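All of these numbers come straight from a predicted model, not from anything done at the bench.
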Amino acid sequence: MTLTQPAAETAPGATAETAETAETAPATAASVDPTATAGATRLAATVPAPPRWAVRAAHVAAVTALPAGLWRLGLVAGWHGGYTEAGYHAMGFGGWGSVWPVFLSLFTEALALLTLGLVRPWGTAPPRWVPFVGGRPVNPRAVVLAASLGAAGLAVLWTPFAGWWALPGTDMTPLGHVLVGFLYLPTVAWAPLLAAVTLSYHRRHRAAAPTLPRPA
């Protein structure tokens with residue numbers, strides 16, 4: 001007596017295709033790390049909101065480099081900006097000489113804007129589109145260390161500009177020398193403002209430390 005083979009048996013080709021799909025599915029799912037994203041969301045929600053004074057200080061710090069930066073960009077565009085005719089040409093703001101003032105203006109303003117991260121959620125859990133750290137909770141200690149070193153460096157770099165008017169302005173007109181001093185004066189406040197906002201950031205994250213997930 002001959003037994004009939006069950007009709008439910010799947011063809012070998014279909015079985016191989018199904019197995020291949022089953023093997024690739026976990027790899028696709030593994031490309032997304034929901035744990036890190038969820039941890040970042042919990043971290044941002046747990047940290048207390050910054051005090052109003054810290055928010056204001058961060059916004060002021062973000063524009064302290066702007067007046068001097070705009071002045072330098074004006075020099076590149078051909079404005080003498082307080083220099084005498086001979087003094088302006090001696091500085092060599094044309095051609096390749098314009099690269100450094102433009103870079104310095106854009107770089108310092110970008111650094112100043114980073115201060116806002118100390119009072120915004122993206123300073124605790126960066127958006128997913130940020131390279132390397134996006135979608136993951138940051139290490140508050142690393143942020144505080146970087147910001148503290150930045151404040152110290154800014155103090156060394158910009159505090160001497162408080163004595164701008166004591167320096168000779170041989171290449172500038174008397175009025176230009178006075179006005180340029182006022183354009184650089186806000187940068188003197190950058191370091192103490194950043195230090196104060198960093199201290200607030202540290203206190204908020206320390207208060208939330210018992211409930212925060214560990215950064216990856």
Hey, is the main chain of [Y] close enough, under 3.5 Å, to the side chain of [X] for a donor-acceptor pair?
| X | Y | result |
| --- | --- | --- |
| Thr187 | Thr64 | no |
| Arg204 | Val47 | no |
| His177 | Leu167 | yes |
| Thr159 | Val156 | no |

Check: Which residues pass the side-chain hydrogen bond (donor to acceptor under 3.5 Å, both in side chains) test with Tyr184, sequence neighbours left out?
Finding: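 Arg72.
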So which atom in [X] and which in [Y] form the shortest heavy-atom distance, rounded to 0.1 Å?
| X | Y | answer |
| --- | --- | --- |
| Ala61 | Thr115 | CB-CG2, 3.9 Å |
| Ser200 | Pro51 | OG-CD, 3.4 Å |
| Trp122 | Leu116 | CZ2-C, 3.9 Å |
| Tyr88 | Trp79 | CE1-O, 3.4 Å |

Check: Between CZ of Arg206 and CZ of Arg141, what distance do you get to the nearest 0.5 Å?
Finding: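 Rounded to the nearest 0.5 Å, the CZ-CZ separation comes out at 11.5 Å.
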[X] versus [Y]: any side-chain heavy-atom pair under 4.5 Å?
| X | Y | value |
| --- | --- | --- |
| Thr108 | Leu111 | no |
| Phe182 | Trp165 | yes |
| Leu154 | Leu194 | yes |
| Val180 | Tyr83 | no |

Checklist line | With Leu118, the side-chain contact (heavy atoms from CB on, under 4.5 Å) member among Val143, Val144, Val55 | finding: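 Testing Leu118 for a side-chain contact (heavy atoms from CB on, under 4.5 Å) against Val143, Val144, Val55 leaves exactly one candidate, Val143.
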Next item on the list: Can you label the angle between the Trp164 ring and the Phe161 ring as parallel, tilted or perpendicular, going by 30° and 60°?
Entry: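 If you compare the ring of Trp164 with that of Phe161, the planes turn out parallel.
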Checklist line | Step-by-step ring-ring contact (aromatic ring centres under 6.0 Å, His included) determination, Phe107 to Trp100 | finding: CA-CA 10 Å; Phe107 182 67; Trp100 172 247; 8.8 Å; no
